[in-house]
Amino acid sequence: MEALVVRQLGDPTLPPGGEASPFAAVSGDHPVPEISSPTAVRVRVAATSLNFATFLQVQGKYQERPPLPFVPGSDYSGVVDAVGPGVRGLRPGDRVCSFTGLGSFADFIVAEEKQLFLVPDGCDLVTAGALPVAFGTSHLALVHRAQLKAGQVLLVLGAAGGVGASAVQIGKVCGAVVIAVARGAEKSDYLKSIGADHVIDSSKDNVIESAKSFLKARGLKGVDVLYDPVGGKLTQDSLKLLNWGAQILVIGFASGDVPVIRANIALVKNWTVHGLYWGSYLTHRPQVLIDSLNELLSWLSKGLITVQISHCYRLVEVHLAFSALRDRKAVGKVMIVMGSSAVPRL
């Protein structure tokens, strides 16, 4: 089978097989994984998602550093290929999606039955493969941790990326007033199309002044929940907009700069700061994560949320996918499409 193998840490935007590339050349001679337990399922991968965490992991900059060599990958979708003798709820041919710490950048992956979710009828596999990490992160952050309520004001930074766009949509499902921040006219138009109440183009607008003007016009005091996958100066500035009792969701640091949230200000303002590492829920609170994904798949089947696929690439083009992520060209999710699956050129 084909698989993307990280043989050394390095720049993931370099083509596989080159001397300086972190990736070995993509070939079809990687061994197909065996069913590993009576309740295991082998899935033929249709599509796998590229997340910022993977970008960091290939460079050795993520909080978890797997031993070399490894096959990267996180959320994915596909079709059940084979099942262990103890599997009761799935059979070959079923369409499923899931997530993993490693291994989805390959034609096949093996997972336990309890870790797999049936894809709703009418949902294509590329969309399903884009859902778990981005939407799962935002759902746990906003619904489980911040307990976002109707009428509250949600400020989403980096709103046109995978997690940001999912936060905007989940915020609207919860009934919040959503302020979305992104760079460029195309991203701004997209955020308006998915329901953001106020969109700030940070390439030309002053984020704080624009937000304050909107809040004043609506008769709102400030921001109740800050969703932050960006970090850096934008985070520091956004703190000026927060209400007393506001909640700050620390999702990531796409800017490369980890911000400082002063404890004395948090004390005076009664702020709550939530760190949100979505993957760790699988270890510490697995049922919360499972319930979250089931609710998201229900929302997807009902049309309450949609998944924007920005770019799709083949495995041999993975460096182009990483480049699109690095250069912030994506409006939504960047996907790797495996095998003979059709590749939509978006």
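Any value given below was found using the heavy atoms of this structure, including those in side chains, with hydrogens, waters and symmetry copies removed.
- Taken together through direct or relayed side-chain contacts under 4.5 Å among Ile, Leu, Val, Met, Phe, Trp and Tyr, Leu220 and Leu241 form part of one hydrophobic cluster.
- Looking at Ser166, its side chain does come within 3.5 Å of a backbone N or O of Val163 through a donor-acceptor pair.
- Between the side chain of Ser292 and the backbone N or O of Val288 there is no donor-acceptor pair closer than 3.5 Å.
- Of the possible donor and acceptor atoms, none in the side chain of Arg91 sits under 3.5 Å from a partner among the backbone N and O of Arg88.
- Heavy atoms only, all atoms of each residue included: Leu289 and Leu282 are closest at CD1-N, 3.9 Å.
- A salt bridge is absent between Asp224 and Lys149: the closest approach of a Lys/Arg side-chain nitrogen to an acidic carboxylate oxygen does not fall below 4.0 angstrom.
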Apply side chain to side chain contact (heavy atoms under 4.5 Å, CB included) to Phe70 and Gln57, showing your working. CA-CA 11 Å; Phe70 65 89; Gln57 189 179 58; 3.9 Å; yes
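- The shortest side-chain heavy-atom distance between Glu186 and Val331 falls under the 4.5 Å cut-off.
- Within the 4.5 Å cutoff, the side chain of Ser202 has no heavy atoms near those of the Leu234 side chain.
- Lys269 has its side chain out of reach of Asn243: every pair of non-hydrogen atoms, C-beta onward, lies at least 4.5 Å apart.
- The shortest side-chain heavy-atom distance between Val79 and Asp94 does not fall under the 4.5 Å cut-off.
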Using the side chain to side chain contact (heavy atoms under 4.5 Å, CB included) rule, take Leu118 and Val96 through it: C-alpha gap first, then chi angles, then the decisive distance, then the call. CA-CA 4 Å; Leu118 284 168; Val96 294; 4.3 Å; yes
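- Using a 4.5 Å cut-off on side-chain heavy atoms (C-beta onward), His30 and Glu2 make no contact.
- Without hydrogens or angle criteria, Glu113 side chain to Gly89 main chain gives a donor-acceptor distance under 3.5 Å.
- The backbone N or O of Glu209 sits less than 3.5 Å from a side-chain atom of Ser213, completing a donor-acceptor pair.
- The closest donor-acceptor contact from the side chain of Asp228 to the backbone of Val230 lies under 3.5 Å.
- Judged as a ring pair (Phe, Tyr, Trp, His ring centres under 6.0 Å), and not counting sequence neighbours, the contacts of Phe99 are Trp278.
- Residues Lys333 and Gln308 fail the side-chain proximity criterion, which asks for heavy atoms closer than 4.5 Å.
- Nearest heavy atom pair, residue Pro69 against residue Val5, reads CB-CG1, 3.8 Å.
- Between the side chain of Arg44 and the backbone N or O of Gly93, no donor-acceptor pair lies under 3.5 Å.
- Looking only at distances, a side-chain donor or acceptor of Ser98 sits under 3.5 Å from a matching main-chain atom of Gln115.
- Side chain of Asp201 to main chain of Gly184: a donor-acceptor pair is present (N/O by atom type, distance under 3.5 Å, no hydrogens or angles).
- Listed here is the closest heavy atom pair of Ser310 and Lys329: OG-O, 4.1 Å.
- Using modelled atom types and a 3.5 Å distance limit, the side chains of Glu64 and Tyr277 yield a donor-acceptor pair.
- Classified by interplanar angle (parallel below 30°, tilted 30° to 60°, perpendicular above 60°), the ring pair His198/Phe214 is parallel.
- Contact of the Ile248 side chain with the Ile261 side chain is registered, since non-hydrogen atoms from C-beta on lie closer than 4.5 Å.
- Counting heavy atoms from C-beta on, the side chains of Arg326 and Thr13 come closer than 4.5 Å.
- Summarising the geometry of Leu157 relative to Ser238, their closest heavy-atom pair is CD2-OG, 3.6 Å, with the distance given to 0.1 Å.
- The shortest non-hydrogen separation linking Leu125 to Ala47 is O-CB, 4.2 Å.
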For Val71 and Val6, what are the C-alpha separation, side-chain angles and deciding distance, and is it a side chain to side chain contact (heavy atoms under 4.5 Å, CB included)? CA-CA 6 Å; Val71 175; Val6 178; over 6 Å; no
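- Within the structure, the salt bridge (Lys or Arg N to Asp or Glu O under 4.0 Å) test picks out the following pairs touching residues 67-84 (sequence neighbours left out): Arg42-Asp81.
- By the side chain to side chain contact (heavy atoms under 4.5 Å, CB included) test, Ala141 pairs with Tyr227, Leu249, Ile251, Leu276, sequence neighbours left out.
- Of all non-hydrogen atoms in Leu293 and Gly136, the two that sit nearest each other are CD2-CA, 4.3 Å.
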